[in-house]
Every structure is written in C-alpha cells, then in structure tokens.
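One structure below.
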Amino acid sequence: MTSAGLTAKRGGPLRGRVRAPGDKSISHRSLILGALARGTTEIEGLLEGDDVLRTAAAMRSFGAKVERLGEGRWRVEGAGGFSEPSDVIDCGNAGTGVRLIMGAMAGFPFAATFTGDESLRGRPMRRVLGPLSQMGATFMGRSNGRLPLTLQGGELKHLSYRLPEPSAQVKSAVLLAGLHAQGGAQVIEPEATRDHTERMLRAFGAVVEVQDKPDGRWITLPGGQTLTGTKVRVPGDPSSAAFPLVAALVTPGSEVTVEGVLLNELRTGLFTTLQEMGGDLVISNVREESGEPVGDITARHSMLKGVSVPPERAPSMIDEYPILAVAAAFADGSTAMRGIGEMRVKESDRIALMAAGLAACGVGVEEEPEGLIVVGAARGNHAVAGGAEVTTKGDHRIAMSHLVMGLAADAPIAVDEPGMIATSFPGFVELMRGMGAEIS
Ligand code: S3P
C-alpha cells in the first residue's frame, strides 16, 4: 500500500484525555473464539483496524455470522465449528490473525488457503505449521513455509509442545487446535507470554489449567471441550496507548491521560521500563473488565535517563521496543535493549528499521543481532536532530514511533506509507492532533 507521507514537527505541549483503540490481540481472539463457539458472542470496543477486519471477514468465510452493530460493537453467531471456505483467506498484514486462524481450523476436515500482504508473505509460518503438523495437519506452501499456503485440517492428536521461541501466537495456535484434538493439547513456555487466549477460553466456558514450574509455565487444555458464546469487552491497547504516552514524556510541558488501558502484567513491560527511566507515569482507577485488569495512565513530560532493559522482560513489551527506542533517544545516557531477536520477524525487521531511522535523525545507535543500543542526548541537552524522511516498509509501529519522535525533534520527521497505521491504530493522526500534535 502506498499513500502520501506524513510529517511531524515540534509544536507546543500535548494535553488531553484520550481513549486508546481496542486491544488488537484481544480483538482477534474475540472474533475467532466467537466463531468457534456455539451461540452468540457480543463484543464491545473491538479494534476496527484493518488487521482485525480481515479476521472478521475470515470468520464469515469459515461459516460464522459476523455483524457490526455500531462503533466497536459486533455480534458473532458461532456455528460451534468451522466449515470449508469457498475462497482464499487473505489476512492482510496480520500475523496474529493468520497464525491463530490456522490453529483454529486445523482440527476440521477440509483445506483452506491463506495469504496476506507483502510483509505477511515474508514472515515465518513454520513456527505454527511445525506443531500443527505434529498434531496431524498437513500443508503445502512456498519455500520456508511462507504464505500463500494451503493447510489441510483433519483429525488431530494430542501434542505437548515446548515453545522454542517466546510466542503467544504459536501458543495460541496450538491451544486452538487442541480444542478439536483427541486429548486436547499442552504448551510449555519457558518465558510467559501474553495469556489472552487462556483467559478468553475460560470466559467461553473451557477448562484451561496453568501451572508455574521451575522450567516454565505449563498450560493444559483437556480434550473434548466445547465453547459457548459470551460477552467480551475489549480494553484499550497498551501497545497503542504507548504512542501518546511517550509523546507526552518527551514533549516539554505535556500532560496526557489515556483511559481504559489493558494492564495485564504480561503486556506492561514498557510502562515499567519508562518508570525506571524516570518517566512520570501514573496509573489510576484500576479495575477489572472481562477478566482483564484495566486502568487510566497519565504521562507528564520528564527528564529521562538511559537504562538497561532486562532481556527477560522482552515478551511483555515485544511490540513496544520501537517507541521505547524513541524515548531512549531523548534520554540522558545509553539504553540497552537485548534479547529482542524476535523483533526481526515482526511486520518488518524492526531492529534494522529503528536503527536506520534513529541514525537518520542524528541519534547514536548500535545494532546487534538480537539487540539495539540507543545513545540518548545525541547533541546534549536532550535533543534529537530529526530532519529525515524515514522508510517504514509499511510497518505501522515504525511509522508511529518516528512521528512521535518528530514532535520533539529539532527538525521535522517524515514517514512514508502512513496508510498502514490503520492496521492497528485507526484515527491515530486525529487523536494526536486533538492533543495539540503538529502532524500533517
Ligand atoms: C501477539 C503476539 C506477539 C505480538 C503480536 C500480537 C498476539 O507476537 O508481537 O503483535 O496477539 O498473540 P509473537 O507471538 O510472534 O511474539
């Protein structure tokens, strides 16, 4: 997708109270579980970004009735299982969408063909196809298991699978396949990853056992279970809230509150890290919605200092390193981000693109195979030069991160392909402008 670029430049302070769009991970899951379940699922606060709309369309293709009732309000009538789609399933830019849907369909006796945009067609699918094959599904695709590919589902057998990389998508694909496998499925994760699938399976009436053992978290889904439709309220996405919050931290005089943000501790590594950097982030009004903790977060402009982010924190903030790198660019001293090799197989190679974008904006940066070191205060006095046009390779988070950097840099920063921002954060530019940001 190409569209005219966007430029962010320094202006006055940012102020306001905003709501982040619905959580992307929970939005995908609510549609997929709703479609697998028997009965009605009512969803409130669904993220209406392109990634999730693709999953909604896919669920229709697999036989569910999916209706939009109003802004963020959706109803899914599940048939208690999937039926054969009559056309190719195009998941657009969404890795979560395609990987979870492949898991969900693997236990049904038909084939489905999946594809996606250029970015998704370049991403590794073997990590999901490996365990699904061990359970009994077969596939044929491009080299290295890339999309487009056809997955043949059928009778599955039980699998106990130890995750080779920390991936909630792979964990979720195995658990969803386990719903229709003889004896269910078990996943062992050495490092805990986001647990929305486990929580939501329970909300749909399934039993999921979780045990923390010395070698990791053991998640067991007993076989022979059925799901029943339910009500889901999707909290605000912490990965999206991150952009206005970091913008406030780095823009002098700012104070911004984002309301209703998901505070699941497997998602909040960025907020912990920003507080360790000296960021004035205050969390208030903590409550529970649909089995998930949520709260309001207020950020005020702060003098940040560089930190070393513990590598074991990576799964709880894996999508947030690009915007953390921007905060780090305005901090005093170096910020070391290590153990983040997974960043290279996201919507783009995010280590490489952040390193290139930061360097183009005059920020000191070192790229490592599985790490990124940002040297803050490149020219002293907490300043970033800016004045660059940054290549995003169609990655929404690379685009938003650089626009936030442009709000506090000496010279404007432009990004290409801003249309892709709508995959996860439709209305981002309007929301930022509403707080006083100069983005055009
Ligand atoms: C997600 C898991 C993460 C994350 C992605 C959403 C999910 O991916 O980067 O944006 O909803 O399960 P991995 O499972 O590949 O780490």
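Just follow the structure's listing: the first ligand is 1, and inside any ligand the first atom is 1.
- Looking at atom 14 (O) of ligand 1, its nearest protein heavy atom turns out to be Ser167 OG, 2.7 Å.
- At a cut-off of 3.5 Å, with distance as the only test, a side-chain donor of Asp195 or Asn264 sits close to an acceptor on the other residue.
- Remark: side-chain polar atoms of Asp296 are paired, donor with acceptor, to backbone N or O of Gly260 under 3.5 angstrom.
- Using modelled atom types, one finds a donor on one side chain and an acceptor on the other under 3.5 Å when comparing Thr96 with Gln169.
- Not one N or O of Val170 is nearer than 3.5 Å to an N or O of ligand 1, by distance alone.
- Atoms of ligand 1 lying under 4.0 Å from at least one heavy atom of Ile318, given by number and element, are 9 (O).
- Residue pairs meeting the salt bridge (Lys or Arg N to Asp or Glu O under 4.0 Å) criterion with at least one member in residues 392-402, sequence neighbours excluded: Asp319-Arg397, Arg350-Asp395.
- No side-chain N or O of Thr230 forms a donor-acceptor pair with one of Thr41 less than 3.5 Å apart.
- Short contacts between ligand 1 and Thr96, defined as distances under 4.0 Å to a heavy atom of the residue, involve ligand atoms 1 (C), 5 (C), 6 (C), 7 (C), 11 (O).
- Listed by atom number, the atoms of ligand 1 under 4.0 Å from Ala168 heavy atoms are 12 (O), 14 (O).
- Close contacts between ligand 1 and Pro166 involve ligand atoms 16 (O) [criterion: under 4.0 Å to a heavy atom].
- Looking at Arg194 against ligand 1, only its side chain comes within 4.0 Å, counting heavy atoms.
- Within the model, atoms CG of Leu266 and CZ of Arg194 stand 9.0 Å from one another, a figure rounded to the nearest 0.5 Å.
- Aromatic rings from His396 and Phe425 are positioned such that their centres are separated by 6.0 Å or more.
- For atom 12 (O) of ligand 1, the closest non-hydrogen atom of the protein is Arg29 NH2, 2.7 Å.
- Considering backbone and side-chain N/O of Ser172, none are found under 3.5 Å from N/O of ligand 1.
- Neither the backbone nor the side chain of Pro315 comes within contact range of ligand 1; no heavy atom lies under 4.0 Å.
- In terms of protein heavy-atom proximity, atom 8 (O) of ligand 1 is nearest to Lys346 NZ, 3.0 Å.
- A distance of 5.0 Å separates CG of Asp23 from NE2 of His196, quoted to the nearest 0.5 Å.
- Protein heavy atom closest to atom 4 (C) of ligand 1, with residue, atom name and distance, is Asp319 OD2, 3.3 Å.
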